[in-house]
Amino acid sequence: MKKGKILVVYFSHAGENYSVGNIKVGNTKLVADEIARVTGADTFEIVAEKSYDMPYSALIKLAREETRQGELPAFKGSVENIEQYDTVFIGGPIWWGTYPRVMFTFFKSYDLNGKTIIPFTTHEGSGLANTVEDLKKSYPSAKVVNAFSIYGHEAQSDLSKVDEWLDKQGYTK
(Lines give C-alpha, C1' and ligand atoms only; values in the text may rest on other atoms or scores of the structure.)
Protein backbone atom coordinates (compact mmCIF):
# COMPACT_ATOMS: atom_id res chain seq x y z
CA MET A 1 0.00 0.00 0.00
CA LYS A 2 1.34 3.43 -0.96
CA LYS A 3 1.18 5.43 2.22
CA GLY A 4 3.08 8.65 1.60
CA LYS A 5 2.80 11.37 4.21
CA ILE A 6 0.11 10.58 6.79
CA LEU A 7 -2.22 12.75 8.86
CA VAL A 8 -4.57 11.65 11.65
CA VAL A 9 -7.57 13.97 12.03
CA TYR A 10 -9.84 13.29 14.97
CA PHE A 11 -12.41 14.64 17.39
CA SER A 12 -12.50 13.17 20.88
CA HIS A 13 -14.67 13.77 23.90
CA ALA A 14 -13.27 13.61 27.43
CA GLY A 15 -15.45 14.06 30.49
CA GLU A 16 -18.57 12.00 31.07
CA ASN A 17 -18.90 9.26 28.43
CA TYR A 18 -21.31 6.37 28.05
CA SER A 19 -20.09 3.10 29.56
CA VAL A 20 -16.65 4.38 30.64
CA GLY A 21 -17.77 7.14 33.01
CA ASN A 22 -15.83 10.35 33.55
CA ILE A 23 -12.54 10.14 31.63
CA LYS A 24 -9.61 12.55 31.34
CA VAL A 25 -8.58 11.40 27.85
CA GLY A 26 -11.25 10.68 25.26
CA ASN A 27 -11.53 7.24 23.69
CA THR A 28 -10.89 8.51 20.16
CA LYS A 29 -7.78 10.44 21.24
CA LEU A 30 -6.30 7.22 22.62
CA VAL A 31 -6.85 5.50 19.26
CA ALA A 32 -5.58 8.51 17.27
CA ASP A 33 -2.42 8.69 19.39
CA GLU A 34 -1.80 4.98 18.82
CA ILE A 35 -2.24 5.36 15.05
CA ALA A 36 0.21 8.28 15.06
CA ARG A 37 2.70 6.33 17.18
CA VAL A 38 2.63 3.29 14.90
CA THR A 39 2.54 5.12 11.55
CA GLY A 40 4.64 8.18 12.37
CA ALA A 41 1.72 10.37 11.25
CA ASP A 42 1.12 14.01 12.07
CA THR A 43 -2.07 14.71 14.03
CA PHE A 44 -4.77 17.36 14.05
CA GLU A 45 -7.37 17.34 16.80
CA ILE A 46 -10.65 18.97 15.88
CA VAL A 47 -11.48 21.09 18.93
CA ALA A 48 -14.91 22.69 18.87
CA GLU A 49 -15.15 26.36 19.72
CA LYS A 50 -18.23 25.62 21.81
CA SER A 51 -17.96 23.47 24.89
CA TYR A 52 -19.19 19.90 25.04
CA ASP A 53 -18.17 19.64 28.70
CA MET A 54 -21.50 18.62 30.19
CA PRO A 55 -23.23 15.60 31.70
CA TYR A 56 -23.73 12.78 29.20
CA SER A 57 -27.54 13.13 29.15
CA ALA A 58 -27.25 16.81 28.14
CA LEU A 59 -24.55 16.01 25.58
CA ILE A 60 -26.69 13.44 23.73
CA LYS A 61 -29.58 15.92 23.58
CA LEU A 62 -27.29 18.61 22.16
CA ALA A 63 -25.73 16.17 19.67
CA ARG A 64 -29.19 15.06 18.52
CA GLU A 65 -30.26 18.68 18.00
CA GLU A 66 -27.07 19.51 16.05
CA THR A 67 -27.69 16.49 13.82
CA ARG A 68 -31.37 17.32 13.26
CA GLN A 69 -30.51 20.91 12.32
CA GLY A 70 -27.48 20.01 10.22
CA GLU A 71 -25.43 22.38 12.35
CA LEU A 72 -21.78 23.00 11.46
CA PRO A 73 -20.13 24.05 14.74
CA ALA A 74 -16.89 26.02 14.38
CA PHE A 75 -13.57 24.52 15.40
CA LYS A 76 -10.23 25.95 16.49
CA GLY A 77 -6.97 25.84 14.56
CA SER A 78 -6.10 24.74 11.06
CA VAL A 79 -4.09 22.17 9.15
CA GLU A 80 -1.16 23.73 7.32
CA ASN A 81 -0.42 22.45 3.82
CA ILE A 82 -3.04 19.71 3.79
CA GLU A 83 -2.07 18.99 0.19
CA GLN A 84 1.18 17.41 1.45
CA TYR A 85 -0.71 14.44 2.91
CA ASP A 86 -1.47 11.34 0.85
CA THR A 87 -3.29 9.34 3.54
CA VAL A 88 -5.67 10.79 6.12
CA PHE A 89 -7.04 8.74 9.00
CA ILE A 90 -10.30 10.34 10.19
CA GLY A 91 -11.70 9.38 13.56
CA GLY A 92 -14.38 10.27 16.03
CA PRO A 93 -17.04 8.91 18.33
CA ILE A 94 -20.46 8.02 16.97
CA TRP A 95 -23.06 10.65 17.83
CA TRP A 96 -26.50 9.96 16.40
CA GLY A 97 -25.44 7.61 13.66
CA THR A 98 -22.29 9.29 12.40
CA TYR A 99 -19.38 11.53 13.35
CA PRO A 100 -20.07 14.57 15.56
CA ARG A 101 -21.26 17.58 13.56
CA VAL A 102 -18.10 19.61 14.22
CA MET A 103 -16.26 17.05 12.07
CA PHE A 104 -18.55 17.93 9.15
CA THR A 105 -17.35 21.52 9.52
CA PHE A 106 -13.83 20.18 9.00
CA PHE A 107 -14.99 18.17 5.96
CA LYS A 108 -16.46 21.34 4.40
CA SER A 109 -13.25 23.26 5.18
CA TYR A 110 -10.69 20.88 3.63
CA ASP A 111 -10.64 19.16 0.25
CA LEU A 112 -9.42 15.59 0.70
CA ASN A 113 -10.49 14.40 -2.75
CA GLY A 114 -7.77 12.36 -4.41
CA LYS A 115 -6.39 11.19 -1.06
CA THR A 116 -6.72 7.86 0.72
CA ILE A 117 -9.07 8.26 3.68
CA ILE A 118 -9.13 5.65 6.43
CA PRO A 119 -12.09 6.10 8.81
CA PHE A 120 -12.09 4.97 12.42
CA THR A 121 -14.62 5.28 15.21
CA THR A 122 -15.06 4.68 18.90
CA HIS A 123 -18.49 3.63 20.08
CA GLU A 124 -20.44 1.52 22.53
CA GLY A 125 -22.46 -0.48 20.02
CA SER A 126 -22.84 1.62 16.86
CA GLY A 127 -19.74 0.37 15.05
CA LEU A 128 -18.97 2.55 12.05
CA ALA A 129 -22.63 3.65 11.73
CA ASN A 130 -22.88 5.93 8.64
CA THR A 131 -19.35 7.32 8.75
CA VAL A 132 -18.06 5.57 5.61
CA GLU A 133 -21.05 6.71 3.55
CA ASP A 134 -20.79 10.26 4.92
CA LEU A 135 -17.10 10.46 4.06
CA LYS A 136 -17.80 9.20 0.54
CA LYS A 137 -20.46 11.92 0.15
CA SER A 138 -18.08 14.58 1.47
CA TYR A 139 -15.18 13.39 -0.67
CA PRO A 140 -16.51 11.58 -3.77
CA SER A 141 -13.07 11.48 -5.43
CA ALA A 142 -11.22 10.12 -2.39
CA LYS A 143 -10.38 6.47 -1.82
CA VAL A 144 -12.18 5.54 1.42
CA VAL A 145 -10.78 2.22 2.66
CA ASN A 146 -10.10 -0.11 5.58
CA ALA A 147 -12.54 1.40 8.09
CA PHE A 148 -12.15 0.39 11.72
CA SER A 149 -14.24 0.69 14.87
CA ILE A 150 -13.52 -0.13 18.48
CA TYR A 151 -15.59 -0.01 21.63
CA GLY A 152 -14.70 2.99 23.78
CA HIS A 153 -14.28 0.84 26.86
CA GLU A 154 -11.77 -1.30 24.94
CA ALA A 155 -9.83 1.78 23.83
CA GLN A 156 -9.53 2.78 27.47
CA SER A 157 -7.88 -0.49 28.45
CA ASP A 158 -6.28 -2.26 25.46
CA LEU A 159 -5.20 -0.87 22.07
CA SER A 160 -3.99 -4.20 20.68
CA LYS A 161 -6.93 -4.31 18.23
CA VAL A 162 -5.75 -0.99 16.80
CA ASP A 163 -2.26 -2.41 16.35
CA GLU A 164 -3.65 -5.55 14.66
CA TRP A 165 -5.77 -3.44 12.28
CA LEU A 166 -2.78 -1.27 11.35
CA ASP A 167 -0.59 -4.34 10.87
CA LYS A 168 -3.16 -5.87 8.45
CA GLN A 169 -2.95 -2.65 6.40
CA GLY A 170 0.81 -2.85 6.21
CA TYR A 171 1.65 -0.46 9.01
CA THR A 172 4.11 -2.16 11.32
CA LYS A 173 5.94 -1.06 14.39
Exercise. Are any side-chain N or O atoms of Tyr139 and backbone N or O atoms of Phe107, one a donor and one an acceptor, separated by less than 3.5 Å?
Worked result: yes
List the atom pairs, donor and acceptor, that lie under 3.5 Å between side-chain atoms in residues 126-136 and the rest of the protein, sequence neighbours left out.
unit_1, atom_1, unit_2, atom_2, d
Asn130, ND2, Gly97, O, 3.3
Thr131, OG1, Leu128, O, 2.7
Asp134, OD2, Thr98, OG1, 2.5

For this session: Would you list the pairs meeting salt bridge (Lys or Arg N to Asp or Glu O under 4.0 Å) in which at least one residue belongs to residues 5-33, sequence neighbours left out?
Result: Lys5-Asp42, Lys29-Asp33
For this session: Look at the side chain of Tyr110 and the backbone N and O of Val79, then say whether any donor-acceptor pair between them is shorter than 3.5 Å.
Result: yes
Exercise. Given the rule in the side-chain contact (heavy atoms from CB on, under 4.5 Å) test, do Val145 and Thr116 qualify, once you have shown the distances and angles that lead to the verdict?
Worked result: CA-CA 7 Å; Val145 298; Thr116 298; 3.7 Å; yes
For this session: Can you label the angle between the Tyr151 ring and the His153 ring as parallel, tilted or perpendicular, going by 30° and 60°?
Result: tilted
Problem set entry | For Gln69, side-chain hydrogen bond (donor to acceptor under 3.5 Å, both in side chains) partners two or more places apart | Glu65
Exercise. Say you draw a straight line from NZ of Lys108 to OG of Ser138; how long is it, rounded to the nearest 0.5 Å?
Worked result: 6.5 Å
For this session: Measure from the side-chain N and O atoms of Tyr99 to the backbone N and O of Ile90, and report whether any donor-acceptor pair falls under 3.5 Å.
Result: yes
Problem set entry | Residues that Ser57 engages under side-chain hydrogen bond (donor to acceptor under 3.5 Å, both in side chains), provided they are two or more places apart | none
Seminar exercise, completed: Note: Ser149 and Thr121 closest approach over all heavy atoms is CB-OG1, 3.1 Å
Problem set entry | Linked, directly or transitively: Leu159 and Ile118 (ILVMFWY side chains, under 4.5 Å) | yes
Exercise. Can you list the steps and then say if Val31 with Tyr10 is a side-chain contact (heavy atoms from CB on, under 4.5 Å)?
Worked result: CA-CA 9 Å; Val31 177; Tyr10 68 97; over 6 Å; no
Problem set entry | Check: Thr122 and Leu30 side chains under 4.5 Å, non-hydrogen atoms | no
Problem set entry | Distance, nearest 0.5 Å, that separates CH2 of Trp96 from CG of Leu62 | 12.0 Å
Problem set entry | Counterpart residues, side chain to side chain contact (heavy atoms under 4.5 Å, CB included), relative to Glu49 (two or more places apart) | Ala74, Lys76
Problem set entry | Donor-acceptor under 3.5 Å (Arg101 side chain, Glu71 main chain) | yes
Exercise. Would you call the rings of Trp95 and Phe11 parallel, tilted or perpendicular, where under 30° means parallel and over 60° means perpendicular?
Worked result: perpendicular
Problem set entry | Qualifying salt bridge (Lys or Arg N to Asp or Glu O under 4.0 Å) pairs, either residue in residues 138-162, two or more places apart | Glu154-Lys161
Problem set entry | Any pair counted as ring-ring contact (aromatic ring centres under 6.0 Å, His included), so long as it reaches residues 55-74, sequence neighbours left out | Tyr18-Tyr56
Exercise. Can you name the side-chain hydrogen bond (donor to acceptor under 3.5 Å, both in side chains) partners of Ser12, sequence neighbours left out?
Worked result: none
Problem set entry | Contacts of Tyr52 that satisfy side-chain hydrogen bond (donor to acceptor under 3.5 Å, both in side chains) - sequence neighbours left out | Glu66
Problem set entry | Candidate pair Asp163 and Arg37, rule side-chain contact (heavy atoms from CB on, under 4.5 Å), full reasoning | CA-CA 10 Å; Asp163 295 337; Arg37 184 188 72 75; 4.1 Å; yes
Exercise. Which heavy-atom pair separates Val8 from Ala32 by the least distance, and what is that distance?
Worked result: CG1-CB, 3.8 Å
Exercise. Angle class for the Phe75/Phe44 ring planes (parallel below 30°, perpendicular above 60°, tilted otherwise)?
Worked result: perpendicular
Exercise. Do Val144 and Ile6 belong to the same hydrophobic cluster, where Ile, Leu, Val, Met, Phe, Trp and Tyr are linked whenever their side-chain heavy atoms lie under 4.5 Å apart, directly or via other members?
Worked result: no
Seminar exercise, completed: With sequence neighbours left out, the residues meeting salt bridge (Lys or Arg N to Asp or Glu O under 4.0 Å) with Glu164 are none
For this session: Taking Glu124 for its side chain and Gly152 for its backbone only, find out whether a donor-acceptor pair lies under 3.5 Å.
Result: yes
Problem set entry | Exam field: side chain Thr105 to backbone Pro73, donor-acceptor pair closer than 3.5 Å | yes
Problem set entry | Separation of Leu166 CG from Phe89 CZ (nearest 0.5 Å) | 5.5 Å
Exercise. Using a side-chain heavy atom cutoff under 4.5 Å and only I, L, V, M, F, W and Y, what cluster partners does Ile23 have?
Worked result: Val20
For this session: Check step by step if side-chain contact (heavy atoms from CB on, under 4.5 Å) holds for Ile35 and Trp165.
Result: CA-CA 10 Å; Ile35 293 167; Trp165 167 62; 3.8 Å; yes
For this session: Sequence neighbours left out, what passes side chain to side chain contact (heavy atoms under 4.5 Å, CB included) with Asn81? Give chain and number order.
Result: Glu83, Gln84
Problem set entry | Interatomic distance, Ser160 atom OG to Glu34 atom CD [nearest 0.5 angstrom] | 9.5 Å
